[in-house]
Number of protein chains: 2
Amino acid sequence: MKKYEEIYTDIKNKIVSGEYTATEQLPFEKDLCDAYNTSKMTVKRALDLLVDEGLIIKRRGSGTFVKDLSQKEIERITQINQLNGFTAAHSKGDNKVTSKVLAFDVRQADETVMDKLNLKPGSFVYNIYRVRYINDKPAALEKAAMPIESVPGLEKKHLENSIYHYVKKELGLNIQSAHRLFTVKKADDEEARYLNVDRNDPIAVTEQITYLDTGHAIEYGVTKSRADSFAAETIISN
Amino acid sequence: MKKYEEIYTDIKNKIVSGEYTATEQLPFEKDLCDAYNTSKMTVKRALDLLVDEGLIIKRRGSGTFVKDLSQKEIERITQINQLNGFTAAHSKGDNKVTSKVLAFDVRQADETVMDKLNLKPGSFVYNIYRVRYINDKPAALEKAAMPIESVPGLEKKHLENSIYHYVKKELGLNIQSAHRLFTVKKADDEEARYLNVDRNDPIAVTEQITYLDTGHAIEYGVTKSRADSFAAETIISN
DNA sequence: GAGTGGTCTAGACCACTTC
DNA sequence: AAGTGGTCTAGACCACTCT
């Protein structure tokens with residue numbers, strides 16, 4: 001493990017465990033350098049990770065302090081901003097995630113998909129349409145387009161489980177980032193039917209573009225979630 | 001302007017303007033060091049900002065590449081993850097943001113507020129309840145609790161405009177971060193009335209805790225937005 | 001003025017990819 | 001083997017806060 005990760009983990013544990021309490025001032029960077037026997041840049045990097053994560057704040061000229069977070073907030077913070085697919089994101093605890101494939105075919109990318117995935121006209125994409133279930137309860141309707149050359153050998157059986165698993169473990173591709181947009185709408189007839197809600201019930205819409213570490217977009221997806229199985233979190237820092 | 005910001009800005013401009021095109025390989029860090037007459041750490045820092053922003057990706061052993069982003073996606077990226085209050089967030093273009101104050105009083109923090117703001121029992125908070133309008137159209141219902149000692153001198157006139165403006169410009173406080181949680185619900189009678197929608201219409205709920213650079217939570221707010229005036233974006237990176 | 005965190009350097013060495 | 005980005009150092013100097 002890298003040195004800055006060790007320092008980050010160590011300090012984070014001390015915050016989570018309560019050894020460093022809310023609003024408490026951390027040791028000065030200089031002293032942390034001594035304590036961890038390392039250089040300033042490395043300590044700074046470790047602390048900056050904690051700032052990004054929302055656990056501490058730094059003030060030049062004053063020092064570094066644990067944020068005034070409630071215990072619940074601390075617990076939540078340690079779980080957000082993880083780059084997971086639907087399966088991993090909802091498999092926490094004993095949840096069972098399954099899928100029903102409504103459509104799986106190859107077609108030419110339409111205008112929207114071409115634009116979102118930055119494809120050339122005439123490019124072919126897998127067209128995937130699934131209902132996702134959590135513990136056998138319908139949770140989301142997921143439409144996705146994936147360029148065929150990025151995901152060779154995709155089969156129906158992969159759709160019934162986790163596409164991300166296939167992409168990562170079997171194809172050995174590295175997912176680097178995802179851009180997400182959240183909006184809200186009324187359920188139409190189709191959404192109502194598959195999600196087992198009433199027409200006009202509220203639906204959370206997550207539009208997502210997923211990128212590989214090659215820089216290429218691998219997926220444009222629109223996920224329509226039932227209100228009772230949707231939540232998204234984010235931390236914004238200056 | 002700091003050196004790493006200059007390099008970041010320069011490269012970003014070249015991406016936005018199209019001088020560096022999608023999937024193009026950037027010069028090696030070594031060459032960028034020469035070009036900007038600086039050290040490796042500084043170049044790395046500038047590039048890491050672009051990675052966080054979602055514009056480029058780096059692969060050890062291979063190089064640095066512009067992400068395969070569509071032009072629209074590039075435009076969107078440059079606008080997200082900004083730490084703004086409702087007023088600033090919705091004042092883009094010629095939008096006019098106004099408010100109607102439904103309630104403004106001081107009370108003891110209830111269980112939830114105490115927990116979210118990490119307050120001691122018996123602490124007093126401003127209780128604020130407003131309808132927010134964009135171009136005179138109701139857009140959101142906002143309930144907020146703010147510790148009285150954090151926001152001295154808050155008056156009704158501030159609520160009718162921007163609280164953030166008062167906090168930042170008049171009190172000189174620095175907002176450091178915000179933790180947001182998004183969910184979805186059906187409009188109840190009260191929400192329907194104030195937002196001018198039908199009962200059971202979809203509503204986006206944003207729950208937010210805002211922190212000062214002192215580490216103290218200054219606001220716990222719940223914003224109920226009309227579906228047609230809500231959108232939230234986020235970028236997740238490995 | 002003393003002390004904090006922030007920026008930057010010049011260079012060593014490491015981990016990984018590609019040839 | 002050569003070349004990429006990643007980590008880390010030891011220290012200089014800067015910007016800001018507090019007294």
Side-chain angles (χ1 to χ4, degrees), chain A residues 1-11 20 23-52 55-67 168 171-177 212-216 237-238, chain B residues 1-11 20 23-52 55-67 168 171-177 212-216 237-238:
Chain A
M1 191 187 247
K2 291 151 208 162
K3 211 160 193 175
Y4 72 87
E5 286 176 338
E6 283 176 14
I7 300 171
Y8 156 79
T9 305
D10 190 53
I11 296 178
Y20 291 140
T23 75
E24 182 175 351
Q25 180 163 22
L26 292 185
F28 304 127
E29 292 193 353
K30 176 173 65 63
D31 296 330
L32 289 171
C33 289
D34 294 345
Y36 292 104
N37 189 31
T38 187
S39 68
K40 198 175 161 187
M41 288 292 276
T42 303
V43 163
K44 178 172 159 33
R45 179 153 185 191
L47 292 179
D48 284 345
L49 284 178
L50 292 164
V51 171
D52 289 346
L55 286 170
I56 67 172
I57 61 101
K58 305 207 276 186
R59 270 179 302 161
R60 176 167 11 185
S62 304
T64 303
F65 304 82
V66 180
K67 252 192 201 169
K168 288 197 239 185
L171 293 178
L173 301 175
N174 299 308
I175 289 167
Q176 192 267 346
S177 60
L212 295 177
D213 69 351
T214 61
H216 291 93
S237 286
N238 266 336
Chain B
M1 192 188 247
K2 292 151 207 162
K3 212 161 191 172
Y4 72 86
E5 286 176 338
E6 282 176 14
I7 299 170
Y8 155 79
T9 305
D10 190 53
I11 296 178
Y20 290 139
T23 75
E24 181 175 352
Q25 181 163 22
L26 291 186
F28 304 128
E29 291 193 354
K30 176 172 65 62
D31 295 330
L32 290 171
C33 290
D34 293 346
Y36 292 103
N37 190 31
T38 186
S39 68
K40 198 176 162 186
M41 289 291 276
T42 304
V43 163
K44 178 174 160 31
R45 179 154 185 191
L47 293 178
D48 284 346
L49 285 179
L50 292 165
V51 170
D52 289 345
L55 287 170
I56 67 173
I57 61 101
K58 304 207 276 186
R59 270 179 309 171
R60 175 166 12 184
S62 304
T64 304
F65 303 82
V66 179
K67 252 192 199 168
K168 287 197 238 186
L171 293 178
L173 301 175
N174 300 308
I175 290 167
Q176 193 267 346
S177 60
L212 295 177
D213 68 352
T214 61
H216 291 94
S237 285
N238 266 337

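In what follows, chains carry the letters A, B, and so on, assigned in the order in which the sequence lines appear, proteins first and then strands, with residues in each chain numbered from 1.
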Indicate the atoms forming the closest heavy-atom contact of A/Val51 with B/Gln176, along with that distance. CG1-NE2, 3.8 Å

Do any N or O atoms from the side chain of B/Glu29 and from the backbone of B/Thr64 form a donor-acceptor pair under 3.5 angstrom? no

Under 4.0 Å, heavy atom to any atom of DNA chain D: which of residues 36-46 of chain A qualify? A/Asn37, A/Thr38, A/Ser39, A/Met41, A/Thr42, A/Arg45

Taking distance alone, no hydrogens or angles, what donor-acceptor pairs closer than 3.5 Å link side-chain atoms of residues 36-46 of chain A to residues at least two apart or in another chain?
| unit_1 | atom_1 | unit_2 | atom_2 | d |
| --- | --- | --- | --- | --- |
| A/Tyr36 | OH | A/Asp10 | OD2 | 2.4 |
| A/Ser39 | OG | A/Thr42 | OG1 | 3.4 |
| A/Lys44 | NZ | A/Asp48 | OD2 | 2.8 |
| A/Arg45 | NH2 | A/Tyr4 | OH | 3.2 |

Using heavy atoms and a sub-4.0 Å distance, could you list which residues of residues 57-64 of chain A are near DNA chain D? By number, please. A/Arg60, A/Gly61, A/Ser62

For a quick test of reading the model, state the closest non-hydrogen atom pair linking A/Gln25 to A/Phe28 and the distance between them. NE2-CE2, 3.5 Å

In residues 23-31 of chain B, what residues come within less than 4.0 Å of DNA chain D, judged by heavy atoms? B/Phe28, B/Glu29, B/Lys30

Are the side chains of A/Leu212 and A/Ile175 in touch, meaning some heavy atoms are under 4.5 Å apart? yes

Nearest nucleotide by nearest heavy atom, which residue falls closer to the 5' end of DNA chain D, A/Met1 or B/Asn174? A/Met1

So CG of A/Asp213 and NZ of B/Lys67: to nearest 0.5 Å the spacing works out to 11.0 Å

The test is side-chain contact (heavy atoms from CB on, under 4.5 Å); show your working for A/Met1 and A/Thr9 and say whether it passes. CA-CA 10 Å; A/Met1 191 187 247; A/Thr9 305; 4.0 Å; yes

What distance do A/Ser177 atom OG and B/Leu55 atom CG have between them, rounded to the nearest 0.5 Å? 10.0 Å

Show the numbers, then the answer: is there a side-chain contact (heavy atoms from CB on, under 4.5 Å) between A/Leu26 and A/Val66? CA-CA 7 Å; A/Leu26 292 185; A/Val66 180; 4.1 Å; yes

Under a 4.0 Å heavy-atom cut-off, which of residues 4-11 of chain B touch DNA chain C? B/Tyr4

Which nucleotide of DNA chain C is the first, and which the last, in the 5' to 3' direction, to come under 4.0 Å of a heavy atom belonging to chain A? C/dG3 to C/dC8

Checking B/Leu47 against B/Leu32 for the side-chain contact (heavy atoms from CB on, under 4.5 Å) test, could you report, in this order, the C-alpha distance in whole Å, the side-chain angles of both residues, the deciding distance, and whether it holds? CA-CA 10 Å; B/Leu47 293 178; B/Leu32 290 171; 4.1 Å; yes

Working for side-chain contact (heavy atoms from CB on, under 4.5 Å), residues A/Leu50 and A/Tyr8: CA-CA 7 Å; A/Leu50 292 164; A/Tyr8 156 79; 3.6 Å; yes

